[in-house]
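Following: one structure in structure tokens, then a few remarks.
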Number of protein chains: 2
Amino acid sequence: MEKLSYVGKSLPRKDALIKVTGAAQYADDREFAGLLHAAAVRSPRPRIKILSISDTAARRVPGYVTLVTYKDIKGVNKWPVVLQDYPFLPEKEARFAGETVALVVAGTARAARKAAALVEVKYKELPFLEDPLKALEKGALKIYGKDNIFSSFVIKRGSVDEAFKKAAFTVEGEFSTNYQVHAYLETQGAIALPEAGGGMTVHSTTQCPFYVLDAVAAALGIPYHKVKILQTVTGGGFGGKEDVPALVASHAALCAAKTGRPVKLIYGRKEDFQSMSKRHPGWARVAYAADKNGKLTACRVKYVLDGGAYSTLSPIVLWRGTVHAAGPYKIANVDIKTYAAATNKVPCGAFRGFGQPQVCFAQESLIDELAEKVGMDPVQFRLRNILEPGDKTVTGQKLNSSCGLKEIIQTVRKRSGWDKKIGDRESGIGNQGDIVTGIGFSVTYYGVGLGAKGRYLDRAGALVNIYKDSSVGVNVGNTEMGQGALTVLAQIAAETLNAPYESVRVEEVDSSKVPDSGPTVASRTTLMSGNAIIEAATPIRERIFKTACDMLISMGAGASQKMTAHGGLFYMGGKTVDFKRVVAECWFRRHKMSEQGWYAAPRTTFKMEDGQGDAYVIYSYSADAAEVEVDLKTGVARVKKIWAAYDVGKIVNPRLAVAQAQGGLLQGMSWALYENLVYKNGIMVNPNFTDYVMATTADKPEYDITFIEKPYAEGPYKAKGMGEVPLIGVAPAVANAIKNACGARVNSVPLLPEKIWNELKKI
Amino acid sequence: MEKLSYVGKSLPRKDALIKVTGAAQYADDREFAGLLHAAAVRSPRPRIKILSISDTAARRVPGYVTLVTYKDIKGVNKWPVVLQDYPFLPEKEARFAGETVALVVAGTARAARKAAALVEVKYKELPFLEDPLKALEKGALKIYGKDNIFSSFVIKRGSVDEAFKKAAFTVEGEFSTNYQVHAYLETQGAIALPEAGGGMTVHSTTQCPFYVLDAVAAALGIPYHKVKILQTVTGGGFGGKEDVPALVASHAALCAAKTGRPVKLIYGRKEDFQSMSKRHPGWARVAYAADKNGKLTACRVKYVLDGGAYSTLSPIVLWRGTVHAAGPYKIANVDIKTYAAATNKVPCGAFRGFGQPQVCFAQESLIDELAEKVGMDPVQFRLRNILEPGDKTVTGQKLNSSCGLKEIIQTVRKRSGWDKKIGDRESGIGNQGDIVTGIGFSVTYYGVGLGAKGRYLDRAGALVNIYKDSSVGVNVGNTEMGQGALTVLAQIAAETLNAPYESVRVEEVDSSKVPDSGPTVASRTTLMSGNAIIEAATPIRERIFKTACDMLISMGAGASQKMTAHGGLFYMGGKTVDFKRVVAECWFRRHKMSEQGWYAAPRTTFKMEDGQGDAYVIYSYSADAAEVEVDLKTGVARVKKIWAAYDVGKIVNPRLAVAQAQGGLLQGMSWALYENLVYKNGIMVNPNFTDYVMATTADKPEYDITFIEKPYAEGPYKAKGMGEVPLIGVAPAVANAIKNACGARVNSVPLLPEKIWNELKKI
């Protein structure tokens, strides 16, 4: 490969200036003439039968326009997401406290909220389910289907019972994790604008404009080509703007269709907490078996997710958790059974890691327990069992050369001074009176992209357009949500075209410019949209390079010379020509300077019946070491430093990659230690940032981040994907460090002081 | 070719419903939050030196925001159109009465206009030029370059002087034509919206979004990828929205950039008259020579256009006039010299026919005179001399088989009853006392597209996007302006894809979706955008057809059968599958369902030095017979009926083609008889619809319209182009009919009663 000009460099973020200057237009910043405002009327109880909805009192609010209920839905009253059990607006029954049962439209947001509060919903309370494990019990109240199970998967490999019988060492444990709130800076919101001829344009803060497109077209009952979704600058997603923005946007669109006017619907923080998706609470019973040499021989997992009132993305979240439930180890005998259960609480969905962190917490905590039983150093134990190139995963997928797990483990081991620090484990390292310090390790792998369960969505488009002045416009179907997509994709486009980086602009998504490119999730954006950009840019590149060569020859460069291209310049035989002049010549020659690109991920072979086959096209890997101090008097744990190393393939922008890692580590640490959303009697108790505690930058540990770039041949410039990887392994590394520091094994996230203290008491 | 499903059928207009219901959003209908309004401060005199511009008085108008002058231009103060002599805003000198010298921005349109009227422009009057023929005289006041000539062309072929010497018959005459005002229902207007990050979105009523893009980027000094031009539903163009919308939009953009707020600039009718482009007044001296058998042997033309104060499109308009100046005849010896002269009047530009009608009026009037001299029937004379397949035009271009001129002449001759009616010519046909009736004939040809002079712009893009629900979105770079482009292009897309016509939507132009596709002029839209759509749709079609075939086979159709496709259905071996299901399967297979298409017209060989070579890629043809009655007491002429026949290749939508013909005939008749824009001392006297008289539907003649569809192999479904052809030959046909009716040869358009009466007096 020629020397790269842009890929691999820490180029400045494309959206930095508009964001730091406040010029960026988030959904609520967008104003429109004649704009009306909507507010949701929400169910006050966990499960109700709706008897009537009346706006008699609401009508008295000045500026009141109308009430929108399910009766105003001209399309099908089923939000089209996976199982389609969620109505856009409920007809008879609302299934969780906070569910939107109707919408009010008024002249101002304040009037809309006031009127919404005055809408009278007459209802009958129904019995409800709160505990997902109880939901799975025989004889439980039935709220979904015949068994309250949204979805269930298995992985079956070898002979697990036999392996456990033969094992030299076994461990088993139950672990649980709580909700995590996305806590994006910008709450959910959308503005819907009716268009002449019955169309609808929707401005949406979303990770997934095409999910919004699906939903708006379905709710309004109009063809897709009359709907246009424009992604607004999006103030954070983390999975929380995967599926639910489609619901919010559909509600805005229903209001706009009924009133014939633009309608804005922006969520307050409390209702966003109450009704928008969350990381699933998880429960797992995991058991491992090892032979006398410390080689893993078997793994048994039962894994349950609390899906909430509607299935939304639970089946997909659960499937990813299933595939990764045993950890990145060679294990011949595996029995994994997983369930997403229905309860009458907020529907849970995507959150960075997508069903992996919950079960990873269990399995990586337990791996440490097993190492201890075997009498091995936890890192040594992992090194003995991890997946390496040529090995097969628990689904029987053979890994190719892009698997750097061993190197990243060794990197973290070395950089963290693991061998020395773990030697002090008896007393905890750096013991200072009541404060004890420990170190903990974890490893993870992460299937990049949607994998077998989402394979029909695993494709992406890109529109690359080079203007006459040589500026380049790029449109993709995946979104910038703070993670740096606009920048990384601009680097890929600039690299492919040999265009100056400054000349490339990647726009927020317009659903009418590129075909459905699937969701912006699963760490797939660099891979999918990057490849689609390359596919679009390659024929243009050929025209540009051919033209540059002609120009250089006509400038006197000998035709026998080899042309080189770098940094927006073309060189041959001592002559140089720049991108701008070459593009002008291409236009003069009437070359086609705009192309639509497309990339479909390779096929996967995974079979749902036994969980065997290739689950994902490629995996990224992480290893974490966390140094944690515990106050023995209070049980308060604090993460001092995290050493992390990743193999996520080629790094397109090192500075952004480090930022992604830092964000993931902090978010993972926050979930591990602090975040604790509480339900009581089916009602969320702390839907606000006062009572829902999160890590802030004040809690930030020191970071030591390293990338081992194992090239992925199919990736754009050999990249894989890294958005989620950094979060997944944090909690078990922290839990293992706490154990190392003070001997307390806490098997429930968040690792609250009282839980640590409880365990300390037992020692 | 398979039987066509959609092309060739009179399918309903795509934009009919929104237009008849009033739902269509024209530029002034679009409202935006925080919108400001601009108004132009205009030069009161034909030529001034600007001494100062002061808003002291204007500032007192409530709502006044700011004054915008050339000093606010961050880019280059040259509107990028052909010769670039027109500043966005003048710095020292304004060159015609009505020229925008500054802009005022205020909170309402009314306040902006009031404030603009209060802006004090101090100036010194400068001497000015009004007459283009005088402008070309030696010793004339110099207002442009060294000779007041914007542009000049020649066609030289054979030996003209010798041919005239040898000729059996010769004629020579001077002819002139006046302005024509486009009189679009919707005046010029634009709204510019500043975007975060220094971009600008412009909503523009325009035929040529890419000219607007060029201008806005230049005026603001920002790269193209930060500018987005959205064409609003456009209430008529006729050439008047070719170049000048770019000026209006740039003015709005300059105001928006200065204020940082959306700014709307909508022209009133008077200022639109005064400052927006017009059909050039033309003057021509034409001479023909024929041998004793009535075969044309030579043609000499001097042709002058009154360009007005800035060159704008005059060079291109003049070039088209030059190429067609001798008429569609075989002539071995040709000497054509043409000039676009500068004067201190409104800059003239594109108008349906684009420099051809003026000279066609001269040459087709004179052909009748020559026929009379030779003693031949005018139709017979034309049939003896016209171009037929295999013949060469006066530029030496050999015509291919798509040349139906002979057939259309014979069609009009027959349908009009020419031979009988012309036999009554001595007394005028249908003589009824003071009202005499006559019949007149004309033929024209029209080079489709931009031809050699505009060849670098003669390319077009198209984006075809098939959504999951099988609805089809099509974007092109050419515009709907009432002529039916959205409909005709939807038919072409539906035909190519075998998609139901109802499922196809063609959108108004978004300059960021398709590459620069050149202007929507020169009857090129069906040909260029049609071919670009086919180019985009063809690979998608292949995927669809292959998938349909697979599906039909799996439904039990024998694989050896031949699949047929028609009307959105696919048939094979007794099985049927519809487009919707096939598209769903294509999406399931993750096929690429979006493509960018591109079409570049074949190269032309025309050389500017001698005017020889292929000037256009293909020609359309018209023949007209007009029956006209003249009131001998008043000189008033009235067109009773026009028989017209056209060869414009395949007709995509017969009903729309007839409508195009009717519109062109009426507009041509209006120019021929009524329209008379008057300048006195450099000031336009009648810039309004009270004093500028036009034909209305009350003046509408009876139409008899026939199409002879000579297929053009390179055209989309064999189409050529027809937008302008119907207008060109009307004036000479009417003039010839007047001569036939009453003996008066009027050589000046409009053919006003006083001119006819003057000629009658001479007889």
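Numbers restart at 1 for each chain; the letters A, B, ... are given by sequence-line order, proteins then strands.
Residue A33(A) comes nearest to F32(B) through the heavy atom pair CB-N, 3.6 Å, listed as atom of the first residue, atom of the second, then distance. Of all non-hydrogen atoms in K513(B) and L463(A), the two that sit nearest each other are O-CD2, 3.8 Å.
The number of heavy atoms from other shown groups lying within 6.0 Å of NZ (K468(B)) is above 12. Summarising the local packing, NZ of K78(A) is surrounded by 12 or fewer heavy atoms from other residues, nucleotides or ligands at distances under 6.0 Å.
Side chains of K226(B) and S471(A): a donor-acceptor N/O pair is absent below 3.5 angstrom, by distance only.
For a residue to count as touching a neighbouring chain, one of its non-hydrogen atoms must lie under 4.5 Å from one of that chain's; by this rule V514(A) touches chain B with the backbone only. Proximity to chain A is absent for every atom of L17(B), based on heavy atoms less than 4.5 angstrom apart. Both the backbone and the side chain of A601(B) come within contact range of chain A, judged by heavy atoms closer than 4.5 Å. With a threshold of 4.5 angstrom between heavy atoms, V504(B) approaches chain A through N, CA, C or O but not through any side-chain atom. Contacts between T21(A) and chain B at a heavy-atom distance below 4.5 Å are absent for every atom of the residue. Neither the backbone nor the side chain of S470(B) comes within less than 4.5 Å of any heavy atom in chain A. Interface residue K228(B): only side-chain heavy atoms are found under 4.5 Å from chain A. For a residue to count as touching a neighbouring chain, one of its non-hydrogen atoms must lie under 4.5 Å from one of that chain's; by this rule E195(A) does not touch chain B. For R30(A), no part lies near chain B; criterion is any non-hydrogen pair under 4.5 Å.
You'll find the side chain of P515(B) reaches within 4.5 Å of the side chain of N465(A), heavy atoms only. Inter-residue side-chain proximity for Y467(A) and L213(B) is flagged as met; some heavy-atom pair is nearer than 4.5 Å. In this structure, the side chains of D516(B) and W587(A) come closer than 4.5 Å at one or more pairs of heavy atoms.
Judged by distance alone, with hydrogens and angles left aside, the side-chain atoms of R590(B) form a donor-acceptor pair with the main-chain N or O of D458(A) at under 3.5 Å.
In this structure, the separation between CD on Q596(A) and CD1 on I540(B) is 8.5 Å, given to the nearest 0.5 Å.
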